[in-house]
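Structure first, then comments.
Note that the structure is predicted; figures quoted are calculated from it, not measured. FYI, the numbering just counts along the sequence from 1.
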Amino acid sequence: MEVYYGTRQRPRSYVNTALVVCNVIVFIVLELMGSTQDSWFMVNHGASFAPYILEGGKEYMRLLYSVFLHFGPEHLFHNMIGLFFIGDNLERAMGHIRYLAFYLLCGVGASVCSMTVHAFVEPFTVSAGASGAICGVVGGLLWVVMANRGRLEEMTTGRVAFLIFYLIYGGLQSTGVDNIAHISGALLGFILAWILYDPSAGLIRSRASFEQRMKAKNRLQIAIGLLIYAVVLWVIVKITQSFVLF
């Protein structure tokens with residue numbers, strides 16, 4: 001396992017960089033095809049839209065596709081700046097594969113929560129963006145930092161908790177922001193980090209205690225945790241389908 005002691009070059013966060021690049025490429029392609037600030041154009045290219053997900057063709061993949069879509073350059077810029085400077089910390093702590101799984105699960109989970117609430121309250125809301133997944137990254141960082149006795153690289157429990165507060169408070173004070181995705185993303189990130197994080201699997205030397213290392217999660221524990229997570233999201237979608245009439 002590659003180790004970072006604080007004086008050597010940090011391990012590279014390939015997955016996080018690839019996620020940023022992927023979001024930018026998708027945005028450029030869509031801008032060349034039309035306008036990413038046109039809600040119906042975005043719906044036609046994968047944005048989350050409850051009637052299409054819950055009725056008709058049951059287009060569940062929108063819950064994933066929408067994580068890589070953004071409404072205009074400002075939306076993309078703010079999200080990618082946050083992901084670029086925060087995601088690398090969590091990737092080094094979790095390892096490449098676990099971080100990728102974590103990010104996608106946070107994004108989809110936040111999309112499910114957002115779509116469910118909007119289906120009952122504002123059923124024709126169009127939602128897209130990586131902010132749910134990014135808030136999940138911050139929520140995951142909170143768990144990982146706590147597991148490492150309050151510090152991971154330059155991150156501390158206080159700094160991460162303040163960042164979560166800032167993201168959620170800023171969203172609540174703004175218009176056109178999917179606050180449900182932000183709040184649920186942070187909570188889901190915290191839970192998923194508890195499921196997936198193994199101090200011995202990351203790319204950096206962990207500060208976690210010896211007892212935590214001895215209790216490192218095995219594959220069966222992770223598989224059961226992720227299965228429960230997937231079942232809960234599936235049940236939420238099915239319940240929403242049963243009660244919402246468009």
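Taking every heavy atom of both residues into account, V126 and F71 meet most closely at CG1-CZ, 3.9 Å. Across all non-hydrogen atoms, the minimal contact from N179 to I168 is OD1-O, 4.3 Å. Shown here for M94 and Y99, the closest heavy-atom pair between the two residues is CB-N, 4.3 Å. Between C135 and L167 the shortest heavy-atom distance is SG-CD1, 4.2 Å. A128 and H75 make their closest contact through O-CE1, 3.3 Å (heavy atoms, listed as atom of the first residue, atom of the second, distance). Among all heavy-atom pairs drawn from L69 and A47, the shortest one is CD1-N, 3.4 Å.
L196 has its side chain within reach of L226: a pair of non-hydrogen atoms, C-beta onward, lies under 4.5 Å apart. Using a 4.5 Å heavy-atom threshold, the side chains of F120 and T116 count as touching. Inter-residue side-chain proximity for M146 and W194 is flagged as unmet; no heavy-atom pair is nearer than 4.5 Å. Counting only heavy atoms from C-beta outward, the side chains of V67 and L104 never approach each other to under 4.5 Å. Put simply, the side chain of T36 does not reach to within 4.5 Å of the side chain of L76, judged on heavy atoms. Counting heavy atoms from C-beta outward, N16 and Y103 have side chains that stay 4.5 Å or more apart. The closest side-chain heavy-atom distance from H96 to L100 is not below 4.5 Å. Proximity of R62 to M115: side-chain heavy atoms (C-beta onward) are nowhere separated by under 4.5 Å.
L32 and L30 fall into different hydrophobic clusters, where Ile, Leu, Val, Met, Phe, Trp and Tyr residues are linked whenever their side-chain heavy atoms come under 4.5 Å apart, directly or through other members. The cluster map of Ile, Leu, Val, Met, Phe, Trp and Tyr, joined by side-chain heavy atoms under 4.5 Å apart, puts F77 and V138 in the same cluster. Follow the hydrophobic side-chain contacts under 4.5 Å out from V160 and you reach I134 in the same cluster. The cluster map of Ile, Leu, Val, Met, Phe, Trp and Tyr, joined by side-chain heavy atoms under 4.5 Å apart, puts L90 and V21 in different clusters.
Atom OH of Y65 has 12 or fewer heavy atoms from other residues, nucleotides or ligands within 6.0 Å. Within 6.0 Å of the CD atom in E154, the count of heavy atoms belonging to other residues, nucleotides or ligands exceeds 12. Shown here is I97, whose CD1 atom has no more than 12 heavy atoms of other residues, nucleotides or ligands within 6.0 Å.
Between F49 and Y52, the two ring planes are perpendicular [angle over 60°; tilted spans 30° to 60°]. Between F165 and F162, the two ring planes are tilted [angle within 30° to 60°].
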Apply the test side-chain contact (heavy atoms from CB on, under 4.5 Å) to residues R98 and I222: give CA-CA distance (whole Å), side-chain angles for both, the deciding distance (0.1 Å), then the verdict. CA-CA 10 Å; R98 292 187 189 216; I222 292 174; 3.2 Å; yes

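A donor-acceptor contact shorter than 3.5 Å is absent between the side chain of Y229 and the backbone of I191. Looking at S114, its side chain never comes within 3.5 Å of a backbone N or O of A110 through a donor-acceptor pair.
A side-chain donor from one of E153 and N89 sits under 3.5 Å from a side-chain acceptor of the other.
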